[in-house]
Student: 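For reference, the structure I am asking about is given below.
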Amino acid sequence: MAGSKFAYVKGFEIPDPLLPETFLVCRLDGHAFHRFSDQHDFVKPNDERALKLMDHVAKNLMSEYKDIVLGFGESDEFSFLLKKSTKLYNRRHAKILTTLTSYFTSCYVFLWSQYFPDTPLRYPPSFDGRIVVYPNERIIRDYFSWRQADTHINNLYNTVFWALVQQGKQSTTEAHATLKGTVSATKHEILHSRFGINYNHLNERFRKGSVIVREELSPDSSLTHTETTKTLADGCSDVEATNDPPVVKKKSTFKTMINILHCDIIGDEFWNARPYILSQ
Ligand SMILES: Nc1nc2c(ncn2[C@@H]2O[C@H](COP(=O)(O)OP(=O)(O)OP(=O)(O)O)[C@@H](O)[C@H]2O)c(=O)[nH]1
Ligand SMILES: [Mg+2]
């Protein structure tokens with residue numbers, strides 16, 4: 001049937017495919033979370049409730065979108081790696097970006113009260129998003145190393161900064177001045193000598209961010225959920241088991257489980273233990 005005389009406008013919708021057989025990284029970032037965190041009384045420098053909420057949201061996104069093989073989050077941001085063979089929405093750029101961003105945002109609102117039972121949302125939060133196409137494994141590893149290095153740099157700075165303000169009674173201007181031009185060793189030293197804080201003993205979630213992996217379990221795995229989680233924790237500290245049963249993949253006997261880790265992603269150990277992340 002011929003379209004109406006108006007149908008030609010459809011021709012203005014230009015296809016926006018992402019290059020085939022390349023890795024896609026989608027990074028979502030809280031919009032104006034400086035203000036949002038103030039308005040909702042986030043603990044400084046790290047609010048564990050807010051970070052756990054982000055992790056839970058990311059885990060939900062990965063349950064919904066099985067082609068996401070890895071997530072990494074810190075502060076108000078999360079990066080998601082889609083396997084290079086993904087055919088999700090025919091690799092349409094806008095379709096993937098907008099659905100991932102809106103699903104993440106609605107989950108954030110949906111789960112908010114679980115983590116902030118006494119703090120009603122004062123206004124709707126939003127997230128911006130981008131997808132970057134990367135050609136090879138080395139660059140993907142460098143990408144995630146970059147985000148984790150950033151986590152470390154920001155967290156060390158923020159930890160000393162707020163120690164100077166909250167315990168050292170400096171103004172924020174004075175604290176900035178104290179830290180201007182200092183190297184990492186000096187920041188560690190200030191924390192240790194003035195505040196008795198050993199940075200390396202702080203919560204790993206704060207120091208390393210959150211790594212979310214979809215682990216594949218062998219079909220003959222007879223381990224229980226809890227045992228399996230412990231086994232997968234080898235080499236990574238502080239694994240959070242979920243209470244959900246492992247998901248049985250359709251059309252396959254493999255079981256998968258999404259785990260939240262706070263481990264090093266810089267270096268070989270993480271990647272060598274999980275070759276399937278970059279090989280799909
Ligand atoms: N107090 C507190 N603030 C946090 C926490 N996590 C994130 N934030 C705030 O969120 C900001 C995130 O940084 P950005 O994404 O660069 O800043 P933004 O205000 O969100 O700005 P845009 O992303 O450009 O919209 C931080 O600077 C903090 O102000 C937290 O755990 N505690
Ligand atoms: Mg932000």
Side-chain angles (χ1 to χ4, degrees), residues 25-61 71-80 97-98 100-109 111-132 143-144 146-180 187 191 195 197 199 201-212 238 240 260-262:
V25 174
C26 175
R27 184 167 75 250
L28 308 178
D29 186 291
H31 173 65
F33 261 46
H34 186 72
R35 171 170 178 249
F36 183 82
S37 56
D38 265 358
Q39 295 264 313
H40 294 87
D41 299 322
F42 281 17
V43 175
K44 293 179 196 323
N46 291 296
D47 191 308
E48 199 166 5
R49 301 164 301 174
L51 295 171
K52 284 184 170 171
L53 169 58
M54 289 286 284
D55 291 351
H56 194 159
V57 171
K59 194 166 162 274
N60 279 13
L61 187 78
F72 178 79
E74 56 149 330
S75 182
D76 69 337
E77 69 165 65
F78 243 100
S79 298
F80 297 100
L97 181 57
T98 53
L100 295 189
T101 310
S102 70
Y103 191 78
F104 190 95
T105 307
S106 62
C107 283
Y108 191 92
V109 173
L111 296 170
W112 172 265
S113 62
Q114 275 189 38
Y115 293 86
F116 290 88
D118 305 319
T119 313
L121 273 173
R122 298 186 65 180
Y123 61 89
S126 56
F127 289 81
D128 70 44
R130 72 199 67 193
I131 291 176
V132 181
Y143 173 86
F144 283 96
W146 170 55
R147 296 323 304 140
Q148 191 165 56
D150 202 64
T151 306
H152 168 71
I153 292 164
N154 290 339
N155 188 57
L156 179 58
Y157 187 94
N158 292 337
T159 303
V160 193
F161 179 85
W162 287 108
L164 289 167
V165 172
Q166 291 168 343
Q167 287 136 267
K169 304 297 172 209
Q170 289 192 356
S171 68
T172 52
T173 313
E174 287 166 343
H176 276 303
T178 304
L179 291 177
K180 196 160 182 247
K187 295 188 184 76
L191 273 180
F195 305 109
I197 298 171
Y199 182 79
H201 292 168
L202 296 181
N203 190 332
E204 287 196 301
R205 175 182 257 106
F206 303 163
R207 290 187 288 116
K208 298 186 176 180
S210 296
V211 181
I212 311 202
D238 187 18
E240 276 163 39
I260 302 173
L261 317 172
H262 310 291

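For ligands, and for the atoms within them, numbers begin at 1 and follow the listed sequence.
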Student: Going by atom types only, do Asn155 and Asn46 share a side-chain donor-acceptor pair under 3.5 Å?
Tutor: yes

Student: Show all protein N/O/S atoms under 2.8 Å from the Mg ion (ligand 2), or state that there are none.
Tutor: Asp29 OD1, Gly30 O, Asp76 OD2

Student: Answer yes or no: does an N/O atom from Asp29 fall short of 3.5 Å to an N/O atom of ligand 1?
Tutor: yes

Student: Considering non-hydrogen atoms of the protein only, which is the closest contact for atom 6 (N) of ligand 1, and what is the distance?
Tutor: Ser75 OG, 3.6 Å

Student: Which atoms from ligand 1 have a heavy atom of Asn46 less than 4.0 Å away?
Tutor: 31 (O)

Student: Show the atoms of ligand 1 that are less than 4.0 angstrom away from any heavy atom in Asp47.
Tutor: 30 (C), 31 (O), 32 (N)

Student: Can a salt bridge be assigned to the pair Asp38 and Lys44 using a cut-off of 4.0 Å between side-chain N and carboxylate O?
Tutor: yes

Student: Can you tell me the protein heavy atom closest to atom 13 (O) of ligand 1 and the distance?
Tutor: Asp76 OD1, 4.0 Å

Student: Taking atom types as modelled, is there a side-chain donor on Asn60 or Tyr103 under 3.5 Å from an acceptor on the other?
Tutor: no

Student: Minimum heavy-atom separation for Pro125 and Thr105, please, with both atom names.
Tutor: O-CG2, 3.5 Å

Student: Assess the side chains of Ser210 and Glu74: does a donor N or O sit below 3.5 Å from an acceptor N or O?
Tutor: no

Student: Select one of side chain, backbone, both or neither to describe which atoms of Ser37 lie under 4.0 Å from any atom of ligand 1, heavy atoms only.
Tutor: side chain

Student: Hydrogens and angles aside, do Tyr108 and His56 bring a side-chain donor and acceptor to less than 3.5 Å of each other?
Tutor: no

Student: If the cut-off is 4.0 Å to any non-hydrogen atom of His31, which atoms of ligand 1 fall inside it?
Tutor: 25 (O)

Student: Are there protein heavy-atom neighbours of atom 24 (O) of ligand 1 below 4.0 Å?
Tutor: no

Student: Could a heavy atom of Ala32 be found less than 4.0 Å from some atom of ligand 1?
Tutor: yes

Student: Give yes or no for whether the N/O distance cutoff of 3.5 Å, strictly under, is met between His34 and ligand 1.
Tutor: yes

Student: How far is atom 30 (C) of ligand 1 from the closest protein heavy atom, and which atom is that?
Tutor: Pro45 O, 3.5 Å

Student: Distance from Phe80 atom CZ to Leu100 atom CG, nearest 0.5 Å?
Tutor: 8.0 Å

Student: Can you check atom 10 (O) of ligand 1: any protein non-hydrogen atom closer than 4.0 Å?
Tutor: yes

Student: Is it true that Lys52 and Asp55 have a side-chain N and a carboxylate O under 4.0 angstrom from each other?
Tutor: no

Student: For a quick test of your reading: what N or O donor-acceptor pairs under 3.5 Å do the side chains of residues 27-37 make, sequence neighbours left out?
Tutor:
| from | atom 1 | to | atom 2 | distance (Å) |
| --- | --- | --- | --- | --- |
| Arg27 | NH1 | Tyr143 | OH | 3.0 |
| Ser37 | OG | Phe33 | O | 2.6 |
| Ser37 | OG | His34 | O | 3.0 |

Student: Evaluate the side-chain proximity of Arg205 to Glu48: yes if any heavy-atom separation is below 4.5 Å, no if none is.
Tutor: yes

Student: Do the ring planes of Phe161 and His176 sit parallel (below 30°), tilted (30 to 60°) or perpendicular (above 60°)?
Tutor: tilted

Student: Please list, in number order, the atoms of ligand 1 under 4.0 Å from a heavy atom of Lys44.
Tutor: 1 (N)

Student: I'd like to know if atom 17 (O) of ligand 1 has any protein heavy atom within a distance of less than 4.0 Å.
Tutor: no

Student: Within less than 4.0 angstrom of ligand 1, does Leu51 place any heavy atom?
Tutor: no

Student: Is Phe33 in polar range of ligand 1, meaning some N or O pair under 3.5 Å apart?
Tutor: yes

Student: Name the closest protein heavy atom to atom 32 (N) of ligand 1, giving the residue it belongs to and the distance to 0.1 Å.
Tutor: Val43 O, 3.0 Å

